[in-house]
A.B. asks: 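First, the structure itself, so that you have it in front of you.
Residue numbers start from 1 in every chain, and the chains themselves are labelled A, B, ... in the order their sequence lines are given, proteins ahead of strands.
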Protein chains: 4
Amino acid sequence: MTKSQGGPGRPRSEAAEKAILDSTLKLLAELGYGGLTMDKVAADAKVSKATMYRRWPSKVHLVIAAFSQLPELPSPDTGAIRTDLIQVLESFLTITENTPLAGVLPTLAGERARTPELSDYLDKATRQRRKPVKQMLERAVRRGELPGSTDIELAVDMVMSPLVMRIFFTNNPADMEFLKQVVETALRGLGWQSE
Amino acid sequence: MTKSQGGPGRPRSEAAEKAILDSTLKLLAELGYGGLTMDKVAADAKVSKATMYRRWPSKVHLVIAAFSQLPELPSPDTGAIRTDLIQVLESFLTITENTPLAGVLPTLAGERARTPELSDYLDKATRQRRKPVKQMLERAVRRGELPGSTDIELAVDMVMSPLVMRIFFTNNPADMEFLKQVVETALRGLGWQSE
Amino acid sequence: MTKSQGGPGRPRSEAAEKAILDSTLKLLAELGYGGLTMDKVAADAKVSKATMYRRWPSKVHLVIAAFSQLPELPSPDTGAIRTDLIQVLESFLTITENTPLAGVLPTLAGERARTPELSDYLDKATRQRRKPVKQMLERAVRRGELPGSTDIELAVDMVMSPLVMRIFFTNNPADMEFLKQVVETALRGLGWQSE
Amino acid sequence: MTKSQGGPGRPRSEAAEKAILDSTLKLLAELGYGGLTMDKVAADAKVSKATMYRRWPSKVHLVIAAFSQLPELPSPDTGAIRTDLIQVLESFLTITENTPLAGVLPTLAGERARTPELSDYLDKATRQRRKPVKQMLERAVRRGELPGSTDIELAVDMVMSPLVMRIFFTNNPADMEFLKQVVETALRGLGWQSE
DNA sequence: CAGTAATCGAGACGGTACGTCCCGTCTTTAT
DNA sequence: ATAAAGACGGGACGTACCGTCTCGATTACTG
């Protein structure tokens, strides 16, 4: 995927690439996945469609790439895993509830089911979203708040997925109350030793 | 939504309705949501598109209706919540991994984000999928395996959502090993008293 | 190609068909073949592109169909073949020189060379353009101005093609002077007996 | 248009120029005008597009240039205008019917209608194609087969254009039979005195 | 003999048309 | 009134081509 730099021919414009991804994110936030159009992106980024298709073979690929560009969640370090998690998940909640970006993720997951080739590509983006939580949990293990034997991936799933579930799939409220209960239930299940 | 039968005019064909839903499920399993076309369903069910749109106002509505037709998960009662859950989630895993039906759900969730009116409609389908697990947990509370104060909805989320997460959003394996760990971690977090 | 009327299903709109052909001719006259766009036609005729492609499989087909709609050349009957021909050819000259429609014909001929399937389709349009001249010549034979053995198709070619040649392929002027010389030379060659 | 040789900088490659024109003719014969692509020519001639556009400002210019490279028609001198013409027109017929090159000319004529600037450029090519016929007719005038007052340009049109007409615009056969009739009719019209 | 300048292949770029596809609606005739 | 059949408006998708533009690398004339 990376272009062997230094080869013959005009190099691909990094400016164009950035402009496309920026426009994609902007329009995605305004219009959601379904409202986003390749032509609209091209117009907004002042770029031709060919330039887009040269980099990403379809709309889905482009959107995933744009997603991967999103800034990481802020990852506070309060010294206690419980408050760390509550804070990071609260940001997660806020962001997801205030932009149409939220609805994009399930759509991408749906496309992934049809196009296995997208799997790895999308996974990269997902892993990035999980990263701050993962780091917190690793710190907690080092601090002794969680057992050394803790399965980190499992732990991430235990605390994040109930939120994701409510946000994307059900009508049940995903509020601060629920968030705290999830964190406490999960931590207790993981063998948490509060200080 | 139901037509008052007995009025003038030809009554709606129940056979057509069934044929449409069957074709929808069949094509959904073969092609996924994106590959499914109203024309293809009409052709497969030997039905006109008007007949479809007379019953459901859009493709999403039709797909959700077809989904709601899926049989409930088998809900064993072994007497112990741990084994109950493991069994029902194993069925869930098997079904979801062997049909493209899996990919449909996230897509529907994505549409829901864009069309709030779908929320309730989709929620009905989701609740049905959660029902067996919910019943198990209620039995466990009655048996004293779980505290009387248990928040059942939270409990359902705690055990089901990590699986859903892995199946839909990540490449991490959702296998029996993982399933058992989720059940145990969640139960422990919920204050489970094994017998 | 003709639709069996009376079958099931919504019949094709004759109004749409007419609107499309009219818009095509209008835009063809304004913009020429290269400037004509399927989207522009659709917009001007207030019709969807699907409606166009349902009738004609490509831009070339549409343009030929529109051409076939052009009104026949006025076909005066002065009683003398020489003046008949001069008048009809003068109209031909005037029309061809005052609209971009002229340039369209060679382009169509070029496409025909690439797509033999267009041959018959285009030929229909061409024959119509030749028709008035043909009728004049037939009248002249009946009147005895031309021999009974006259090959009419050859005769049409002899009088029309030098004009076409100059108009489309060369810079030589195609003026009244030239026109008259062509008519006289051709008639003499065909064994014309002036009264 | 010609670069003043001797200036500074790398001189233009004559090999490249030849390769481009050769590839153009080759591809033109295979694919016709519409199927010819600047990229295909570049690839076939192992040349960059810039090298092409440095020499000819557009695809049409290039194609016309390639056309002008075609060898002149063989111009026999049998001593009798009738047989001279029949022979040269037979060659013309053979060439035009056996290559898609035929279809190119009308297309160019179509472009000419849209781009007047092409007129002179294309005219040069056309004049070359007419040259042998013109020379024959001039010889015939000198020999006394045709009147001294003969308008040569008119005469060329009278004998060549009916053939061109049939080849390019109609389905009527352009065979030897037709060819002979055209020649005889035209010559008679022009006041031909057979020996 | 170093420097300058136009050329070369390769290939990206903006713009724009094409033809295909699908959704949800509408218009026929037949039950 | 409903059914099958299928046309309709609208609009996005992905492909293709033109003519322009940047690269780094040659290849000549010039100072």
A.B. asks: Any carboxylate oxygen within less than 4.0 angstrom of a Lys/Arg side-chain nitrogen, looking at B/Asp44 and B/Lys40?
C.D. replies: no

A.B. asks: Between B/Lys49 and A/Ala50, who's closer to the 5' end of DNA chain F by nearest nucleotide?
C.D. replies: B/Lys49

A.B. asks: Taking the side chain of B/Tyr53 as its heavy atoms from C-beta onward, which of E/dC23, F/dC8, F/dT15 lies nearest to it?
C.D. replies: E/dC23

A.B. asks: For F/dC17, does either OP1 or OP2 sit under 4.0 Å from a side-chain N or O belonging to D/Thr37?
C.D. replies: yes

A.B. asks: Under the ring-ring contact (aromatic ring centres under 6.0 Å, His included) rule, collect the residues that match up with C/Phe168, sequence neighbours excluded.
C.D. replies: D/Phe169

A.B. asks: Has D/Arg12 got a side-chain N or O lying under 4.0 Å from the OP1 or OP2 atom of E/dA5?
C.D. replies: no

A.B. asks: Phosphate oxygens OP1/OP2 of E/dT7: is one of them under 4.0 Å from a side-chain N or O of D/Arg55?
C.D. replies: no

A.B. asks: Between C/Lys18 and C/Asp22, does any side-chain N to carboxylate O distance fall below 4.0 Å?
C.D. replies: yes

A.B. asks: For C/Glu17 and F/dC8, what is the distance between atoms CD and C1' respectively, to the nearest whole Å?
C.D. replies: 14 Å

A.B. asks: To the nearest 0.5 Å, tell me how far B/Leu108 CG sits from A/Thr107 OG1.
C.D. replies: 10.0 Å

A.B. asks: Closest to the B/Thr51 side chain: F/dA4, E/dC13, F/dG19?
C.D. replies: F/dA4

A.B. asks: More 5' along DNA chain E: C/Asp39 or B/Gly35, using each one's nearest nucleotide?
C.D. replies: C/Asp39

A.B. asks: Indicate, with a heavy-atom threshold strictly under 4.0 Å, whether C/Leu36 touches base, sugar-phosphate, or nothing.
C.D. replies: sugar-phosphate

A.B. asks: Within 45 degrees of the axis of the six-membered ring of C/Phe67 and under 6.0 Å from its centre: does C/Lys124 put its NZ or CZ there?
C.D. replies: no

A.B. asks: For B/Asp44 and F/dA4, what is the distance between atoms CG and C1' respectively, to the nearest whole Å?
C.D. replies: 16 Å

A.B. asks: So, applying side chain to side chain donor-acceptor pair (under 3.5 Å) with B/His61, which one of B/Glu111, B/Glu117, B/Arg55 is it?
C.D. replies: B/Glu117

A.B. asks: Please report the distance, rounded to the nearest Å, between CE in A/Met38 and P in E/dC18.
C.D. replies: 21 Å

A.B. asks: Could you give the CG-to-P distance, from D/Leu31 to F/dC17, as a whole number of Å?
C.D. replies: 10 Å

A.B. asks: Between F/dG19, F/dC13, F/dA7, spot the one nearest the side chain of C/Arg54, thanks.
C.D. replies: F/dA7

A.B. asks: Under the 3.5 Å rule, do the base of E/dC8 and the side chain of D/Arg10 count as making a donor-acceptor pair?
C.D. replies: no

A.B. asks: Starting at atom CG of A/Leu62, determine the distance to atom P of F/dC13, rounded to an integer number of angstrom.
C.D. replies: 10 Å

A.B. asks: Atom CH2 of A/Trp56 to atom P of F/dG14: distance rounded to whole Å?
C.D. replies: 14 Å

A.B. asks: Specify the residue among B/Ser58 and C/Gly9 whose closest nucleotide of DNA chain E lies further upstream toward the 5′ end.
C.D. replies: B/Ser58

A.B. asks: Among F/dC17, F/dC23, E/dC8, which nucleotide sits nearest the side chain of D/Ala16?
C.D. replies: E/dC8

A.B. asks: Toward the 5' end of DNA chain F, which comes first, B/Glu14 or C/Ser13, by nearest nucleotide?
C.D. replies: B/Glu14

A.B. asks: Please state how far atom NZ in D/Lys40 lies from atom C1' in F/dT15, giving the value in whole angstrom units.
C.D. replies: 13 Å

A.B. asks: Figure out the NZ/P separation between B/Lys59 and E/dC22, and round it to whole Å.
C.D. replies: 9 Å

